[in-house]
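This report concerns only the one structure given below.
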Amino acid sequence: MPELAEVEFFRKRWSAGHGATVLAVRLHAGKKVFRGTSPTLLKRKLTGATLLDSETAAKQMLFRFSGSGLPRAESRWLGIHLGMSGELRVEPPDYAATKHDHLILVQQQRQLVFNDPRMFGGVLFHTGKTPPAWWTRIAPAILSKEFTVEAVAVFLRRRARAPIKAVLLMQERFPGIGNWMADEILWRAAIHPQRLAGSLKPAEVRTLHRECRRVCRLALGTIAGKGRYLPPNLNAHIPKTWLFWHRWEDGGRCPRTKRLLVREEVGGRTTCWSPVRQKR
DNA sequence: CCAATTGTTATTTA
DNA sequence: ATAAATAACAATTG
């Protein structure tokens, strides 16, 4: 499920546990979400640690914990990727874990739950004074200064023969963009998803860049919430003027042209577009 | 039984 | 050799 803003939404849920100690760690060792990680080490190092703060980058979250005991102890860094079906929840102290709750951090007042039925998500763990490489090597955010028109143009030239839809899903240049955001961006930019990346004119590249930023900003504002306010459920505040609400319904119509939307596979993913608005 | 799913990676093909 | 297409992963739902 989760793309950029949705990931931020879930991270904020767990911020309920900032400043609180982890009394116990419950996990499903051996499950696929722990590939590349030692569940034993994670459990040992996080038990007794305090959750200090957290951040989001692309589709990943990083939670920082103090070391227990020694004041100069190294930090503990927990990375979570939600994959296709993952979510974070906050449950009461007496909550009983269910089948797909692969990692639970038990605190005095609550349990922080990572649930992921399909297990395309994953958990990473690191101990050290600075954030690990798997975190710092994430590409610069779309809303950062480094995400320039020129950087987009260079990338599109290198991926010239791939459909633009597929290129927007490449995390090394468009971190956090997933299937529905890519469609939303192309729909707003009025670019056909099957256009080859190298065929975009300079003006179209500028538009694409601008709509990438706009969709990220709007999605973060409506899904992840502003300031301290967290919407009760995901997507609750997305306006009906977005492609988002119409892309999956049969007979769905473009919110702008009111004409029927098209749904087809592009770049290996189901893609929705408005044929009147987005010409080949 | 078949097809579908908002993600990533390994493998195969061009 | 490089990049694009495809398969695979796992679980559930319609």
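Throughout, a chain's letter reflects where its sequence line sits, starting with A, and its residues are numbered from 1.
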Using a cut-off of strictly less than 4.0 Å between a heavy atom of the residue and any atom of DNA chain C, enumerate the qualifying residues of residues 149-159 of chain A by number.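 Result for residues 149-159 of chain A: R159(A), sorted by number.
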Output the rounded distance in Å from [atom1] ([X]) to [atom2] ([N]).
X       : N      : atom1 : atom2 : answer
K165(A) : dA4(C) : NZ    : C1'   : 16 Å
R263(A) : dT5(B) : CZ    : C1'   : 12 Å
M170(A) : dT8(B) : CE    : P     : 12 Å
W180(A) : dA4(B) : CH2   : C1'   : 20 Å
E249(A) : dT5(B) : CD    : P     : 15 Å
R35(A)  : dG7(B) : CZ    : C1'   : 10 Å
R269(A) : dG7(B) : CZ    : C1'   : 6 Å
E172(A) : dA3(C) : CD    : C1'   : 11 Å

Using the C1' atom as the point on both nucleotides, what is the distance between dT8(B) and dT13(C), in whole Å?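 After rounding to an integer number of Å, I get 23 Å for this pair.
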If the P atom of dT9(B) is compared with that of dA1(C), how far apart are they to the nearest Å?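 Their P atoms lie roughly 23 Å apart.
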Under 4.0 Å protein heavy-atom contacts per nucleotide of nucleotides 6-14 of chain C, with B for base, S for backbone only and - for none: ---BBBS--
Per-nt protein contacts along nucleotides 9-14 of chain B (heavy atom under 4.0 Å; B base, S backbone sugar-phosphate only, - none) come out as ------
Tell me whether D101(A) is salt-bridged to R89(A), with the criterion being a basic N under 4.0 Å from an acidic carboxylate O.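 A salt bridge links D101(A) with R89(A).
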State plainly whether the residues K165(A) and E264(A) are in salt-bridge range, i.e. N to O under 4.0 Å.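 No.
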Could you tell me if the ring centre of H28(A) sits under 6.0 Å from that of F34(A)?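 No, too far apart.
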[X] side chain to [Y] main-chain N or O, any donor-acceptor pair under 3.5 Å?
X       : Y       : result
E184(A) : F244(A) : yes
Q107(A) : G17(A)  : yes
R213(A) : S144(A) : yes
E87(A)  : N115(A) : no
H102(A) : K32(A)  : no

According to salt bridge (charged side-chain N to carboxylate O under 4.0 Å, His left out), who are the partners of R118(A), at least two apart in sequence or on a separate chain?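 Testing R118(A) for salt bridge (charged side-chain N to carboxylate O under 4.0 Å, His left out), a comparison that skips the adjacent residues, returns none.
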Return the nearest nucleotide to the side chain of Q171(A); candidates are dG7(B), dA4(B), dT8(B).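 That would be dT8(B).
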Compare the minimum distances between each of dA4(C), dA4(B), dT8(B) and the side chain of A162(A), then state the nucleotide with the smallest one.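 Shortest atom-to-atom distance from the side chain points to dA4(C).
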With a 4.5 Å cut-off on side-chain heavy atoms, are L4(A) and C216(A) touching?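 Yes. Closest side-chain heavy atoms under 4.5 Å.
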Side chain proximity check, F63(A) to L105(A), heavy atoms < 4.5 angstrom: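 In short, these two side chains do not touch, never coming nearer than 4.5 Å.
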What stems show up for DNA chain C when you take Watson-Crick pairs (N1-N3 plus N6-O4 or O6-N4) and G-U wobbles (N1-O2, O6-N3), both under 3.5 Å, and require three or more consecutive pairs?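 Stems for DNA chain C, defined as runs of 3 or more consecutive pairs: B:2-5 with C:11-14, B:7-14 with C:2-9.
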Is it the case that atom CZ in R259(A) sees more than 12 heavy atoms from other parts of the structure closer than 6.0 Å?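 Open: at most 12 neighbouring heavy atoms sit under 6.0 Å from CZ of R259(A).
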What class does the angle between the rings of W180(A) and W242(A) fall in, given that below 30° is parallel, 30 to 60° is tilted and above 60° is perpendicular?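 Answer is tilted, since the angle falls between 30° and 60°.
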Whether H81(A) contacts dT8(B) is assessed here as follows: a side-chain N or O lying under 4.0 Å from the phosphate OP1 or OP2. Is that the case?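 Checking dT8(B) against H81(A), a side-chain N or O does come within under 4.0 Å of OP1 or OP2.
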Taking only residues at least two apart or on different chains, which pairs with a member in residues 13-23 of chain A satisfy side chain to side chain donor-acceptor pair (under 3.5 Å)?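 For residues 13-23 of chain A: H18(A)-S54(A), T21(A)-T50(A).
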Where each residue is assigned the nucleotide of DNA chain B containing its nearest heavy atom, which of T270(A) and L169(A) is assigned the position nearer the 5′ end?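 First, find each residue's nearest nucleotide; the 5'-ward one identifies T270(A).
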